[in-house]
Amino acid sequence: MMSAQQMLKVFVTRRIPQEGMKILQNAGMCNLSVWDSDEPVPRAELLKGVAGAHGLLCLLSDKIDAEVLDAAGPNLKVISTFSVGCDHLAIEEIKKQGIRVGYTPDVLTDATAELTVALLLATARRLPEGVEEVKNGGWSTWKPLWLCGYGLSGSTVGVIGLGRIGLAIARRLKPFGVKRLLYTGRQPKPQAQEVDGEYVPLDTLVRESDFVVVSCSLTPDTQGLCDKTFFSKMKKTSIFINTSRGVVVNQEDLFEALSSGQIAAAGLDVTTPEPLPTNHPLLTLKNCVVLPHIGSATYSTRGVMSELTANNLLAGLTGSEMPSELKL
Ligand code: NDP
Ligand code: DGY
């Protein structure tokens, strides 16, 4: 047990599942300061809270940039994010300052892939519209031409970014009778064999897929990737799904593609901004299903993410091997 003076200051930017908090509390080395709320920490409180900290446990909604690092000062050894995505972290700055980064790959892969499949089916088979019609009296009788959508059987699915989550999505979709599984990325993946994945140029994927699923990480190359040109190449009967990050999509161009009938429908778990304002044009469209970034939201997944985030942080504080360290 460390003396009060030896305790290392840790700032936690949100209320997180208790599994992780217990690990930090029981470690006996952290002087914990928590933004004890379900809502994001205001910027001014983040800058105040991080001052002098040795460790920072943050969320994807916290922008960790040079200003935050300056506010933290030279004690800061480790940033542990409660996410697999690290696009909210100024990686170059962090690297320059020799700070280690922990993140949560793998443990949320199944939950996110499952949600992506749910979103795809809900969008393609128009589930939110159907539920609404039942409630508002629009359901008059069984009608041959009413609420028809698109099925996966015999279809071509294109996955943009066949990483951990992309592959898990492909594995789940194949048994629905998918005929061709196309994917694109920076290089072909040997593990694609498992799903008979065909590595193709982006252009081919967009033109030939009945379902385009975006599961890549957000990088300068993928920011704005899905724009007017991209949607103009998709078939009029195709469905667009994004569970990656909102800014991979140009939302004005997506609105245009959906409202003009250029593409059939879209399902989004991520948007710009988050939350999407309730008066956003995309929310006026019946053929757009928007979820509030719940890809990893199962009780058990969030519990395990919390444990991993805490263990990464402790390893960073003690200078030992992290369970999941981001290679900088
Ligand atoms: P991985 O790193 O395993 O996969 C990311 C994939 O993106 C890699 O296959 C990579 O390809 C690909 N990629 C990178 N650049 C490009 C590009 N220019 N074009 C096409 N593909 C590209 O990460 P995960 O699968 O674990 O997570 C992926 C992302 O999903 C996260 O970064 C996060 O943004 C998002 N996510 C969203 C969740 C939600 O709640 N909706 C939950 C969890 C994650 P290559 O290997 O060839 O470089
Ligand atoms: C992530 O981890 O990057 C997700 O967006 C939330 O789980």
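These numbers were taken from a predicted model, which means no experiment stands behind them. We count ligands from 1, going down the list as the structure has it; atoms in each ligand are counted the same way. Basis for what follows: all heavy atoms, side chains included, without hydrogens, waters or symmetry-related copies. Positions are given from 1, in the same order as the sequence printed here.
Comment: Asp210 does not engage Lys179 in a salt bridge, judged by the lack of any side-chain N to carboxylate O separation of less than 4.0 angstrom. Contact check on Glu194 versus Arg171 returns a salt bridge, with a Lys/Arg side-chain nitrogen under 4.0 Å from an Asp/Glu carboxylate oxygen. A salt bridge links Arg180 with Glu208: the closest approach of a Lys/Arg side-chain nitrogen to an acidic carboxylate oxygen falls below 4.0 angstrom. Between Arg14 and Asp62, none of the side-chain N atoms (NZ, or NE/NH1/NH2) sits under 4.0 Å from a carboxylate O, so this pair counts as no salt bridge. Classification of Lys48 and Glu45 as a salt-bridged pair holds, one side-chain N sitting under 4.0 Å from a carboxylate O.
Val78 and Leu69 fall within the same hydrophobic cluster, defined by Ile, Leu, Val, Met, Phe, Trp and Tyr side-chain heavy atoms under 4.5 Å apart, directly or through other members.
Less than 4.0 angstrom separates some heavy atom of Gly185 from each of these atoms of ligand 1: 20 (C), 21 (N), 47 (O). Under a 4.0 Å criterion applied to the non-hydrogen atoms of Leu162, ligand 1 contributes the atoms 9 (O). Within the listing of ligand 1, atoms 7 (O), 9 (O), 12 (C), 21 (N) sit less than 4.0 angstrom from a heavy atom of Gly161. Set against the non-hydrogen atoms of Asp269, the atoms of ligand 1 under 4.0 Å away are 39 (C), 40 (O), 41 (N). Near Cys216, the atoms of ligand 1 lying under 4.0 angstrom from a non-hydrogen atom of the residue are 6 (C), 7 (O), 12 (C), 13 (N), 21 (N), 22 (C), 29 (C). For ligand 1, the atoms lying closer than 4.0 Å to a non-hydrogen atom of His293 are 39 (C), 40 (O), 41 (N).
Taking any N or O of Gln187, backbone or side chain, at least one lies under 3.5 Å from an N or O belonging to ligand 1. Geometrically, ligand 1 and Arg186 share a nitrogen or oxygen pair separated by less than 3.5 Å. Between Asp87 and ligand 1, a contact under 3.5 Å exists for no N or O pair. Considering backbone and side-chain atoms alike, Arg245 places an N or O below 3.5 Å from some N or O of ligand 1.
Side-chain contact annotation: Thr81 with Ser83, donor-acceptor N/O pair under 3.5 Å present.
In this structure, atom 35 (C) of ligand 1 lies nearest to the protein heavy atom Ser244 O, 3.6 Å. Among protein heavy atoms, atom 31 (C) of ligand 1 sits closest to Val84 CG1, 4.0 Å.
If you look at Lys189 next to ligand 1, the close heavy atoms, those under 4.0 Å, all belong to the side chain. Neither the backbone nor the side chain of Leu225 has any atom closer than 4.0 Å to an atom of ligand 1 (non-hydrogen atoms only). Contacts of Arg164 with ligand 1, taken as heavy-atom pairs under 4.0 Å, involve both backbone and side chain.
The line from CG of Leu119 to CG of Asn242 is 9.0 Å long, rounded to the nearest 0.5 Å. The distance from the CG atom of Leu108 to the CG atom of Leu115 is 11.5 Å, given to the nearest 0.5 Å. In this structure, Gln262 CD and Lys228 NZ are separated by 9.0 Å, a value rounded to the nearest 0.5 Å.
Among Thr184, Val270, Thr243, Ile165, the residue whose heavy atom lies closest to atom 25 (O) of ligand 1 is Ile165. Looking at Thr222, Leu268, Leu218, Asp221, it is Thr222 that brings a heavy atom closest to atom 19 (N) of ligand 1. Scanning Ser215, Ser296, Gly163, Gly85 for the heavy atom closest to atom 28 (C) of ligand 1 points to Ser215.
The side-chain hydrogen bond (donor to acceptor under 3.5 Å, both in side chains) test applied to Thr278 returns no partner, not counting sequence neighbours. Listed by chain and residue number, Asp253 satisfy the side-chain hydrogen bond (donor to acceptor under 3.5 Å, both in side chains) test with Asn250 (two or more places apart in sequence, or in another chain).
Within the 3.5 Å criterion, the main-chain N or O of Lys9 finds a donor-acceptor partner in the side chain of His54.
More than 12 heavy atoms of other shown residues, nucleotides or ligands fall within 6.0 angstrom of atom CH2 in Trp146.
Residue pairs that meet the ring pair (Phe, Tyr, Trp, His ring centres under 6.0 Å) test with at least one member in residues 189-228, sequence neighbours left out, are Tyr183-Tyr199.
Among protein residues, Leu60, Ser83, Val84, Gly85, Leu108, Arg245, His293, Ser296, Met305 come within 4.0 Å of ligand 2, judged on heavy atoms.
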